[in-house]
Amino acid sequence: MNGKHITKLGFQGPAIGLALSAAVRREAAGLSRSDILDELRAVQAEPQAYTAGGVYAELAAQLLSSRGAAQAPASAELRPSPLPYGVWGAELIDQGARDQMDMAMRLPISRAGALMPDAHVGYGLPIGGVLATEDAVIPYGVGVDIGCSMMLSVLPLAPGDLNTEEARSLLLRHTRFGAGVGFEKRDRHDHPVLHESTWREQPLLRHLFDKAEAQIGSSGSGNHFVEFGTFTLTERDPELGGGELDAGEYLAVLSHSGSRGFGAQVAGHFTGVAQKRWPALDKAAQKLAWLPLGSEEGESYWQAMNLAGRYALANHDLIHARLARALGVRPLVQVQNSHNLAWKQQVGGRELIVHRKGATPAEAGRLGLIPGSMADPGYLVRGRGNAGALQSASHGAGRQLGRKAAERTLAKKDVQAYLKDRGITLIGGGIDEAPQAYKRIEDVIARQRDLVDLVGEFRPRVVRMDTGHEDV
DNA sequence: ATGTAC
């Protein structure tokens, strides 16, 4: 098997090398030359069927992205039909989210995409959507809560070392919830992110600094939470604490938080700028308006987005530091990951902008956190670097019922019974965040075993959330 | 998700 056989099939550019190395591996596995050529023709004919894994995944991803480039018009004109993309757990995903992803894959700047099993409808790109674009960033491809993220601290304490009442009072004292909520001046905590010069580099950032300073270390509203629970490590993991953490059960803190009012205003501002930039863009795609990287607006968004990403992680840092300090301990290990952000990433040999809107980065070996609901387990996972999923996984269980539908259909007593069955103590929390409003996390995890491996499990015990429209 | 209000 050599390069000539490959080029004769019509492979071009970086695809030649990828096809050749796959062919060599198949040869080593004992296949005949004609069988391998048949396989390569099949990959060529239908690359989307091979992106999920196996020897041909990288080649398939490369073919898909180069075809995207060949088809890309240089204007706001949409493709007549969406580029193909991988879907994990299709039977768990509603048609509305599929339609939104189809629309995203018709953008002229789109090159590759994937839909995670927790996907549901959002603004523009669906939550659970992963989209790779070329030289452009889509504010609503990242979402309103820029840098929304997860953090886990495993503490040097046994689960029984903290009783429910103490956990409740620590959460009440050291966390702040609610839209618009920040800290009073005397309770504020400092963080290096507030001292970055970036804040002075854009009028918008200068304007938002005071709000950011007041709200740092707070949790906000909606699906955000801070909780104490039991973390179970199945076996030592080389990626976790350098492989030093013993298997067993620990008291742990898990939080879900974002970039608060600061990130929301950055998102709102640049979404407006992007939509004005493409007045001729099809109305149905308006919320997917993009900013070219290299343009002043595009670079400004990129800078503000990344600052909001660091700010969101700083929120977690302060929350965990305050709780650990109150307990008089230092965490044994900490893990954090953003799940609403865009990254520059190599896809099929090219640098693309990978938007993850409610999707966990899952490069090979990278740790991430996938929470369930206020009463269901969350998982510490290790990425498998699946090329077809653009190295991503779900960011949670995903909504099954919209907020209004949950308030309409779920009964308070059923939610209370669900919590009681699992021994959960809840502070705040609205009916719209009820466990029954979410897909079963076990189902969602089962659909992505080719995207992540499970490293540990977190079972919530005392949970704080914002108070919804209707309390539980 | 945010906390203002085509």
Inset, instruction - Measure the distance from NE2 on A/H256 to C1' on B/dT2 and round it to the nearest whole Å. - result: 14 Å
Legend entry - Whole-Å gap separating C1' (B/dT4) and NE2 (A/H207): 12 Å
Inset, instruction - May I ask you to say what A/F262 touches in the nucleic acid, namely base, sugar-phosphate or nothing, with a heavy-atom cut-off under 4.0 Å? - result: nothing
Inset, instruction - Round to a whole Å and report the spacing from NE2 of A/H269 to P of B/dA1. - result: 23 Å
Inset, instruction - Would you mind classifying the nucleic acid contact of A/G222 as base, sugar-phosphate or nothing, using non-hydrogen atoms under 4.0 angstrom? - result: sugar-phosphate
Legend entry - Length of the OH-P vector between A/Y311 and B/dA1, whole Å: 17 Å
Inset, instruction - Identify the residue among A/R408, A/R403, A/K412 that makes a salt bridge (Lys or Arg N to Asp or Glu O under 4.0 Å) with A/D432. - result: A/R403
Inset, instruction - Find the distance A/Q265:CD to B/dT4:P and express it as a whole number of Å. - result: 8 Å
Distance-only check: which donor-acceptor pairs under 3.5 Å involve side-chain atoms of residues 281-295 of chain A, not counting sequence neighbours?
| from | atom 1 | to | atom 2 | distance (Å) |
| --- | --- | --- | --- | --- |
| A/D282 | OD1 | A/A284 | N | 3.0 |
| A/S295 | OG | A/P292 | O | 2.6 |
| A/S295 | OG | A/G298 | N | 3.0 |

Inset, instruction - Please check the phosphate of B/dT2 (OP1 and OP2 only) for any side-chain N or O of A/R260 closer than 4.0 Å. - result: yes
Inset, instruction - Could you tell me the separation between the CD atom of A/Q215 and the P atom of B/dA1, rounded to a whole number of Å? - result: 15 Å
Inset, instruction - Provide the full list of salt bridge (charged side-chain N to carboxylate O under 4.0 Å, His left out) pairs with a residue in residues 197-210 of chain A, sequence neighbours left out, each pair given once. - result: none
Inset, instruction - Round to the nearest Å and state the distance from A/L208 atom CG to B/dA1 atom P. - result: 20 Å
Legend entry - A/K276 NZ to B/dC6 P, straight-line distance once rounded to whole Å: 15 Å
Inset, instruction - Indicate whether OP1 or OP2 belonging to B/dT2 is found under 4.0 Å from a side-chain N or O atom of A/S221. - result: yes
Inset, instruction - Assess A/R399 against A/Y438: is NZ or CZ under 6.0 Å from the centre of the six-membered ring, and within 45 degrees of the ring's axis? - result: yes
